[in-house]
Amino acid sequence: MKAVERIAQHYLLKQLPTATALVGVDGILIDASDSWLHTFGLCPKDALGVSVYRLFKNYNADCGKSLKQCLGKSTTHTCKFSKREGSSVSWYENTFTPWYDEKENLIGSIIQTHNITEEILKEKELDRMIKLLKTKSEVAKVGYWEFDLITEELFWCEETKKIHEVPPSYIPNTNEAIEFFKQGYDRNRISMLFHQALSQKAPYSEKVVIITPNGKEKWVKAMGKPIVENGVVVKMFGTLQDIHDQVLVEMQTKENQQLLTTLIDNIPLNIFIKDIDSKKILVNKAECEYLEKSPEELIGKTDFDLYDEEIAKISREEDLEVMRSLKPMIGKETMSIRKDGETTYFLTSKIPLLDLDGKVNGLIGISMDISGLKKKEDQLRDLINVTSLQNKKLINFAHIVSHNLRSHSANFSMLLEFLAKEEDEAEKERIVSMLSNASDNLMETLEDLNQIIDINTNVNLEKEALNLHQNINRVQNNLSAFLGKHQAEIQNNVPKNLEVQSVPAYLDSIILNLMTNAAKYKSPDRKPIIRINASKHEKTTIFSFSDNGLGIDLEKYGGKIFGMYKTFHNNKEARGLGLYVIKNQIEAMGGSITVSSEVDKGTTFNVYFNEEDQ
Amino acid sequence: MCILMKKISSIFIVDDDPITVFGIRKMLKPVALCDDVQIFQNGKEALDALIQRKDEGGDIPEVIFLDINMPIMDGWDFLEEIMTLNLNEKIIINMITSSIDPLDYQKWNEAKVKCPHILNFKNKPIFKIEPSDLECIHLAS
């Protein structure tokens, strides 16, 4: 019966799922569950009688001590140990409980061995996480805090304390905490946000200034988030980040940017930045004003959107060359024609723009408007042209003068020489009469020259608005005898109200000369008809005189027709002065005269009155 | 006196100034014997007469006194025209001018090379007709 009981007991212990062993007071193993034996790598048949003290030595000596204490003091003890199994390590905990018989005599110890590997690992992970959080907090300079609304306790982590520059032993409270924020805006702002977070359950994030106990100002980013349970805020959780250096750098950058923007915007030069596709990515005020568009309208646009196509093509080629060669284009004279046709001259520089890796990613353009200078230059060139033309005229005139005066003086010399040698009285008289003839000719020539000089010196004669139709009629009346003799018919087709800007005496002379010429050089086969027309244009009035007379071979004489003392027909009245005079008069008034003719058909003179300047 | 007289078959004077024409005629009298002296007001008249003489087999003038500045056809144009006539005879052409325009002198220099005739340039005033104005002087002889 006893044996049966013992076997049954043995079997019960053997099957216990928890690794359990019984040892005597001497530490000798009396019985153990299979799982316990397995844990320590023992075989059931040679396990009994083994000393657990010796067994534990292989794992952790403390376990032996714990067992001794258990057996000595009849108290429960625990002890952890680890066991290496291949590459992994398992953790176990032994619990030593005193074992009594029916009479409460200590007869040994009950050992229970739990596998606590998982708990150990979790504990280690937690430890690691805490360390990680702390490190992260330190590295990122982000501290955290927690405020329990129920206990009204405020917790600051180490980093939060460090940011506030208080010792780790410092214990914060809400009143003191709020006083760290700079008085005025910062403190009010945080108080408001904190209360809003509580009342409206709204998280916040704000850059504010705190003042440390040393009086140092510090920029921080304060964030707060209410923790809600069952619709009630129970906690506030927040972080605090030291962003002082960052803010300072930001402010510095902003200041630099402000400086640069002010400079770029107010410099009296057009400045633009283009990307690699020649799209504008920055334009300054001057450039916007020039193009009469807002910066938003210009960003992303290319020259093809803004200028005449030819101009845009040239500009794009310059851009490509600068970006390809990386050589800046400096101070090139360029011309821009806006879409509205406005032409502006610039002195343009294009400088390649490199990114941080030294790769080209666009260009900076600087243009100076030199239209004003250019205009002055053109005016100067015009002035030089006028001067050189005047000079040419002057030389031409000098030759005419020299030729005409010389021819008379030569005649005088020759005749006087004859007179001195002549003995025959009749011949002498003849020579004297010739001398008087020569003198008359000289006088006439001098008068002609005077007339020309008058025109060319009085260039500032006042022009007036004169009615062309009426002036033609007046000259026609004065010439009525002459015109009647030639049986000339005048067709005055000039609009009755048309006015031209002219010096009155010159207009008279122009009409008179053209009218008499047309009558004088009439065809012997036709009655002369003179058609006079005029039309007003933007800057000039064209006044034309057409006749049906002899005409003139312009291929032969075209270059000479307005020359002095040039005549082309056998006409006794022709002196070769009229056209020369009126050409000078017209040019003195800033106009011009042209001729077209066909032999034996007629001649047309076109006079262009300059209506632009007074 | 008679030894210096040169016998010339025909002379043209082309000038629109009657005083100059008078002077040339007067100066010709003691140095040249010529029954055929013709006066023309301009180059066109002289050219027409020359062409007529050529066509009719008349005397081509040995000497021409030619003014430069004349109406209708001036001296230069006259020169151009007679060069196109391809005359066999060499004419002595005395260009007479009061011009001191260097351009006229330069033009004469250029024409002298091109022209198959003998071109002299005489600046006014003239007081005397030189033997070289009437005949070709061979410097070698």
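Chain letters run A, B, ... following the sequence lines, proteins first, then strands; residues in each count from 1. When reading the values below, keep in mind they use all heavy atoms of this one structure, side chains included, and skip hydrogens, waters and symmetry mates.
Salt bridge status for B/Lys128 with A/Glu417: absent, with no side-chain N to carboxylate O gap under 4.0 Å.
Taking CZ of B/Phe22 as the reference point, atom CG of A/Asn411 lies at 11.0 Å (rounded to 0.5 Å). Note that CG of B/Asn123 is 5.0 Å distant from CZ of A/Arg406, once rounded to the nearest 0.5 Å.
At most 12 non-hydrogen atoms from other residues, nucleotides or ligands lie less than 6.0 angstrom from CZ of B/Arg25. Enclosure of atom NZ in B/Lys44 is not indicated, since only 12 or fewer non-hydrogen atoms of other residues, nucleotides or ligands lie within 6.0 angstrom. Shown here is A/Asp382, whose CG atom has more than 12 heavy atoms of other residues, nucleotides or ligands within 6.0 Å. Remark: A/Arg531 CZ is loosely packed, at most 12 non-hydrogen atoms of other residues, nucleotides or ligands lying under 6.0 Å away. Within 6.0 Å of atom OH in B/Tyr105, 12 or fewer heavy atoms from other residues, nucleotides or ligands are found, so the atom counts as exposed in its surroundings. Heavy-atom contacts from other residues, nucleotides or ligands closer than 6.0 Å to NZ of A/Lys421 number 12 or fewer. Heavy-atom contacts from other residues, nucleotides or ligands closer than 6.0 Å to CE of A/Met443 number 12 or fewer.
Summarising the geometry of B/Lys124 relative to A/Ser407, their closest heavy-atom pair is NZ-CB, 4.5 Å, with the distance given to 0.1 Å. The two residues A/Phe418 and B/Lys26 make their nearest non-hydrogen contact at CD1-CD, 3.5 Å.
B/Met27 places a side-chain heavy atom less than 4.5 Å from the side chain of A/Met414. Between A/Phe412 and B/Pro125 there is no side-chain heavy-atom pair separated by less than 4.5 Å.
Heavy-atom distances place no part of B/Asp104 under 4.5 Å from chain A, backbone and side chain included. Using a 4.5 Å cut-off between heavy atoms, A/Leu415 touches chain B through its side chain atoms alone.
Of all residues in residues 424-432 of chain A, those placing a non-hydrogen atom less than 4.5 angstrom from a non-hydrogen atom of chain B are A/Glu427, A/Arg430, A/Ile431.
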Inset, instruction - Report the C-alpha separation of B/Ile19 and A/His408 in whole Å, then their side-chain angles, then the decisive distance to 0.1 Å, and conclude whether the side chain to side chain contact (heavy atoms under 4.5 Å, CB included) test is met. - result: CA-CA 9 Å; B/Ile19 296 173; A/His408 293 296; over 6 Å; no
